[in-house]
> 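Structure provided below as structure tokens; questions to follow.
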Amino acid sequence: MRKYLYNLINPVISEIDKESLPFLQFDIPQQEAHGDFSTNIAMIISKRLKKNPREIATTITNALTLDTNVITKTEIAGPGFINFFFAPAYIANRTTEILDSGSSFGKSAKNSGKKANVEFVSANPTGPLTVGHGRNAVCGDTIANMLEWIGYDVDREYYFNNAGRQMRVLGDSVKYRYRELLGETIEFPEDYYQGDYIKTIAQNLINEHGSSLLDENPEGKFKAAAEEFIFADIKKTLHSILIDHKIFYNENSLYEEGKIKNLLEQLKEKGLIYEKDGATWLKLSEMGNEQDKVIIKSTGEPTYRLPDIAYHITKFDRKYDLIIDLFGSDHNATYPDVMAALKSLGYPVEKIKVLIHQFVTITQDNQTVKMSTRKANYVTIDDLVEEVGNDVVRYFFNMRSITTHMNFDIGLAKKQSDENPVFYLQYAHARICSIMRNASEQHIEQNRENLSVLVVPEEQKLLKKLLIFPDVVLQSAELYEPHRIAMYLQELAEAFHRFYTVCRIIGSEKHVAESRLTLAAATKIVLKNGLSILGVSAPEKM
RNA sequence: GCGCCCUUAGCUCAAUUGGAUAGAGCAACAGCCUUCUAAGCUGUAGGUCGCUGGUUCGAGUCCAGCAGGGCGUACCA
């Protein structure tokens, strides 16, 4: 419908003021009285030509020749908006497009042939995934889904590091528990990993090796066992909320494949690093950032910046057209350094989109819960899924903009799971399935021949909602904003529930019943498609 | 101190990217089930869009300043 309008207006605008053409766009007015679409182009031209916008709008509308089967009327309103009213029958007949496309209604080939990489979660394997990781995990996966819907070939990637201090402490924590379980009296360090899973890992080692590992280096079998155990747990957790990364990229491989060494040589060659106080510094101040930072400590160990830069170079080497990094706000100070270095090395950094989500504040009994993996003070994603189910978890994290500092009340989430908005959407889907079952028993069949009978306001509202779905998907994906899909589905479900209340199918006149059933079928398709982007199931019964 | 983010109804959050009368859910109140699922629908009430200026046809949205909150600001990741 937008395209139709565009083709209609375009020639007229070209004649009045070619320069304004790029600004031509059509919005859906908030108020129904303002029509199905509106454009502010007259106001834009007005600014450039210094003419009265309403006069320009009149000129435009007078120049149009309308097919009243499609557009019944136009009007000029307010300061100079032009509003368009589509013919109800025309709208009703668009339903067939939804039915024909089915499970691919809403998909676009806009980016077909392009490859995207979405890096998310990327938590080091030191403990189970917590509710704190939930937002990153769910939003990352949903963004990947959205990109697939607009044509990208998407790789989901998880970057981790099993070499640093964190992991050393982890291995040592296991060894302490190992000795403890073998009867030794130990004093477990306060800043070591306190979680019970450490004991489980130690017990597993005892079952397998007995006491033969007492002389083993904590960084050897202990760390390896911990990493393996915890990673298996993380993958299982992610899988339970429908997340399966294709690539697990280990920082170690950057060293093993000589990528770190290559990078250092490149940086040296371009004069971007220097030595001071026994450490190697990156000249970030010359790249426009605040201050120089250390990339190799005086101990000879690199800081995280060096591997991070090398890692991102591999993403360029792997020929991605779009590279998405999803971080929590605690990383917001680190990526500008990496970006600056990549830019100085001549990489096309505009292909990288860094998305920062704000933290979810977890509250329990009116108290803020400060999550800490070290202190084993956390609520895990597993706990939450077990309590409320993966649909609620996925919907919850997807329903708010990632820029919002979201609040999550654990008690409320558990208690009010029945009232969670996700059920509102799923209920609409289940209702449709139920109608279809009943209609089938009554021998009412879908029929596209008489769709123009769908002119009741509730039918028209629902139809219009359905038809904008592809636009919503495209916009959400291009803005990397999953919550827009969730908001849209909420509105769609509302439109359906109203339709359901006012417009009966069984018992209505044959043509009406058949057409309404067809409309319900189209609604079912869109609900299911939308829910699948969010990773939420569409139940047949509730 | 500096950087990024946030401040909208009692609570949790939207707002078509600068559009017309700022909207949902929860909580509150009043209604609607002998007909397709009441996990639903209808209605009432609830607002100085943190504050002050500025930009323009038009500002919750952009700019400046101020106040409050979150996250950072390492030779940790």
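The sequence lines fix the lettering, A, B, ..., with proteins before strands; numbering per chain opens at 1.
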> Give a yes/no answer on whether the side chain of A:Arg516 brings an N or O atom under 4.0 Å of OP1 or OP2 in B:rC36.
no
> Taking the six-membered ring for Trp, does A:His34 stack with B:rA20 (centroid gap under 5.5 Å, planes within less than 30°)?
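Yes.
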> What distance, rounded to whole Å, do you find between the two C1' atoms, one in B:rC51 and one in B:rG46?
23 Å
> Please tell me which of the listed nucleotides, B:rA77, B:rG19, B:rU42, lies nearest to the side chain of A:Asn124?
B:rA77
> Quick test of the criterion, 5.5 Å between centres and less than 30° between planes. Is A:Phe81 stacked on B:rA20 or not?
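Per 5.5 Å and 30° rule: yes, stacked.
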> Strictly below 4.0 Å: does A:Lys276 bring a side-chain N or O up to OP1 or OP2 of B:rC75?
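No, outside the criterion.
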> Hey, does the side chain of A:Asp292 reach the backbone of A:Leu284 with a donor-acceptor pair shorter than 3.5 angstrom?
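Such a contact is found between A:Asp292 side chain and A:Leu284 backbone.
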> So A:Thr361, base contact, sugar-phosphate only, or nothing? Heavy-atom distance under 4.0 Å.
nothing
> Is it the case that the side chain of A:Asn332 and the backbone of A:Ser329 share a donor-acceptor pair, with hydrogens and angles ignored and the cut-off at 3.5 Å?
yes
> So A:Trp281 and A:Tyr274, would you call those rings parallel, tilted or perpendicular, with 30° and 60° as cut-offs?
parallel
> Assign B:rC13 to syn or anti; the rule is syn for a glycosidic angle within 90° of 0 and anti otherwise.
anti
> Just checking A:Lys464: does its NZ atom have more than 12 heavy atoms from other residues, nucleotides or ligands closer to it than 6.0 angstrom?
yes
> Can you check whether A:Asp337's main-chain N or O pairs, donor with acceptor, with A:Arg305's side chain at less than 3.5 Å?
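No.
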> So which nucleotide from B:rC76, B:rA15, B:rC41 ends up closest to the side chain of A:Thr501?
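It is B:rC41.
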> Is the phosphate of B:rU37 approached by A:Tyr424 (side-chain N or O, under 4.0 Å from OP1 or OP2)?
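Answer is no, no contact under 4.0 Å.
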> Which one, B:rA14, B:rA20, B:rC75, comes nearest to the side chain of A:His483?
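Per side-chain heavy atoms of A:His483, the pick is B:rA14.
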> Any sub-3.5 Å donor-acceptor pair from A:His357's side-chain atoms to A:Phe327's backbone N or O?
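Yes; judged by distance alone, with no hydrogens or angles, the pair exists.
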> Is the distance from OP1 or OP2 of B:rU37 to the nearest side-chain N or O of A:Asn438 less than 4.0 Å?
yes
> Send over the distance from A:Lys461 NZ to B:rC41 C1', rounded to a whole Å.
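The answer, rounded to whole Å, is 13 Å.
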> Angle between ring planes, A:Tyr159 versus A:Tyr249, binned at 30° and 60°: parallel, tilted or perpendicular?
tilted
> Touch check for A:Met487, heavy atoms < 4.0 angstrom, all strands: base, sugar-phosphate only, or nothing?
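It contacts sugar-phosphate atoms only.
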> Side chain of A:Arg437: nearest nucleotide among B:rA15, B:rU37, B:rU42?
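So the side chain of A:Arg437 is nearest to B:rU37.
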> Contact class for A:Asp277 vs. all strands (heavy atom < 4.0 Å): base, sugar-phosphate, or nothing?
base
> Determine the Euclidean distance between corresponding P atoms of B:rA30 and B:rG72; express it in Å to zero decimal places.
47 Å
> Just checking A:Ser434: base, sugar-phosphate only, or nothing, at a heavy-atom cut-off of under 4.0 Å?
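Base contact - A:Ser434 has a heavy atom under 4.0 Å of at least one base atom.
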> Taking any heavy-atom pair under 4.0 Å as a contact, classify A:Ala439: base, sugar-phosphate, or nothing.
nothing
> Could you work out the separation of B:rC49 and B:rC11 based on their P atoms and round it to a whole Å?
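Pairwise P distance, B:rC49 against B:rC11, rounds to 16 Å.
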> Using the C1' atom as the reference point in each nucleotide, state the distance between B:rA28 and B:rA9 in Å, no decimals.
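Straight-line distance between the two C1' atoms is 13 Å.
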> Check nucleotides 58-62 of chain B for protein N or O atoms closer than 3.5 Å to its own N or O atoms and list the pairs.
none

> Using a heavy-atom cut-off of under 4.0 Å over every strand shown, decide if A:Phe408 touches base, sugar-phosphate, or nothing.
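Nothing, no nucleic acid heavy atom in range.
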> With rounding to the closest Å, how many angstrom separate the P atoms on B:rC57 and B:rG40?
47 Å
> Sticking with atom P, work out how far B:rU73 lies from B:rG65, rounded to a whole angstrom.
25 Å
> Validate the cation-pi geometry between A:Arg431 and A:Tyr500: distance from NZ or CZ to the six-membered ring centre under 6.0 Å, angle to the ring axis within 45°.
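Yes, A:Arg431 and A:Tyr500 form such a contact.
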> Look at atom NZ of A:Lys283 and say whether more than 12 heavy atoms of other residues, nucleotides or ligands are closer to it than 6.0 Å.
yes
> Can you tell me, in whole Å, how much space there is between the P of B:rC63 and that of B:rC5?
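My reading of the P atoms in B:rC63 and B:rC5 gives 10 Å.
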> What's the shortest heavy-atom distance between A:Val338 and A:Asp308, and which atoms?
CG2-CB, 3.8 Å
> Under 4.0 Å between any heavy atoms, over every strand shown, what does A:Met406 touch: base, sugar-phosphate, or nothing? Just pick one.
sugar-phosphate
> Quick one: A:Gln31 CD to B:rG23 C1', roughly how many Å, whole number?
12 Å
> Does the structure place the NZ or CZ of A:Arg135 under 6.0 Å from the centre of the six-membered ring of A:Phe397, at an angle of no more than 45° from the ring's axis?
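Output no; distance or angle outside limits.
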> Quick one: label A:Glu540 by what it contacts on the DNA or RNA (base, sugar-phosphate, nothing), any heavy atom closer than 4.0 Å.
base
> Measure from the side chain of A:Phe423, starting at C-beta and using heavy atoms only, and say which of B:rU37, B:rC41, B:rA39 lies closest.
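Looking only at heavy atoms from C-beta outward on A:Phe423, the closest nucleotide is B:rA39.
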> Distance check, P atoms only: B:rA45 and B:rU34, in whole angstrom units.
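That atom pair is separated by 29 Å.
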> Spell out yes or no: do the side chain of A:Ser38 and the base of B:rA20 have one donor N/O and one acceptor N/O closer than 3.5 Å?
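By the distance-only test, yes, there is a pair.
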> Need one value for A:Cys503: base, sugar-phosphate or nothing, where a base atom within 4.0 Å counts as base even if backbone is also close, heavy atoms only.
base
> Quick one: which of B:rC41, B:rA77, B:rC36 gets closest to the side chain of A:His497?
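Nearest to the side-chain atoms of A:His497, counting from C-beta on, is B:rC41.
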> Please tell me whether A:Phe120 and A:His245 form a close aromatic pair, meaning their ring centres lie under 6.0 Å apart.
yes
> Classify the side chain of A:Arg400 versus the base of B:rU12 as yes if they form a donor-acceptor pair under 3.5 Å and no if they do not.
yes
> Would you indicate which nucleotide in B:rG72, B:rC76, B:rC75 comes nearest to any side-chain atom of A:Ser298?
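For the A:Ser298 side chain, the nearest candidate turns out to be B:rC75.
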> Without decimals, in angstroms, what is the distance between A:Phe496 CZ and B:rA39 P?
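Distance, rounded to whole Å: 14 Å.
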> Taking only N and O in the side chain of A:Arg431, is any of them less than 4.0 Å away from OP1 or OP2 of B:rA38?
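Yes, within the criterion.
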> Is there a donor-acceptor contact under 3.5 Å from the side chain of A:Asp391 to the main chain of A:Val536?
no
> How far does CG of A:Asn162 sit from CD1 of A:Ile230, to the nearest 0.5 angstrom?
11.5 Å
> Identify whether any heavy atom of A:Gln25 sits under 4.0 Å from a base atom; if not, whether one sits that close to sugar-phosphate; answer base, sugar-phosphate or nothing.
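Contact class for A:Gln25: sugar-phosphate only.
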> Regarding A:Lys293, tell me which of base, sugar-phosphate or nothing describes its non-hydrogen contacts under 4.0 Å with the strands shown.
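Here A:Lys293 touches no strand at all.
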> OP1 or OP2 of B:rA38 less than 4.0 angstrom from a side-chain nitrogen or oxygen of A:Tyr500, does that happen here?
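So the side-chain polar atoms of A:Tyr500 do come within 4.0 Å of the phosphate oxygens OP1 or OP2 of B:rA38, strictly under.
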> Distances under 3.5 Å between protein N/O atoms and the N/O atoms of nucleotides 2-11 of chain B, please, pair by pair.
residue, atom, partner, partner atom, Å
B:rC2, O2', A:Glu290, OE2, 3.4
B:rG3, N2, A:Asn332, ND2, 3.4
B:rC5, O2', A:Gln358, NE2, 3.2
B:rC5, O2', A:Thr403, O, 3.3
B:rC5, O2', A:His405, NE2, 3.3
B:rC5, O2, A:His405, NE2, 3.0
B:rC6, O4', A:His405, NE2, 3.1

> Could you tell me whether the side chain of A:Asn83 has a donor or acceptor atom within less than 3.5 Å of a complementary atom in the base of B:rA20?
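Side chain to base: pair present.
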> Tell me yes or no: between the side chains of A:Thr126 and A:Arg374, is some donor less than 3.5 Å from an acceptor?
no
> Give the dot-bracket line for RNA chain B from 5' end to 3' end: parentheses for intra-strand Watson-Crick or G-U pairs under 3.5 Å, square brackets for crossings, | for inter-strand pairing, dots for unpaired.
(((((((..((((.....[...)))).(((((.......))))).....(((((..]....))))))))))))....
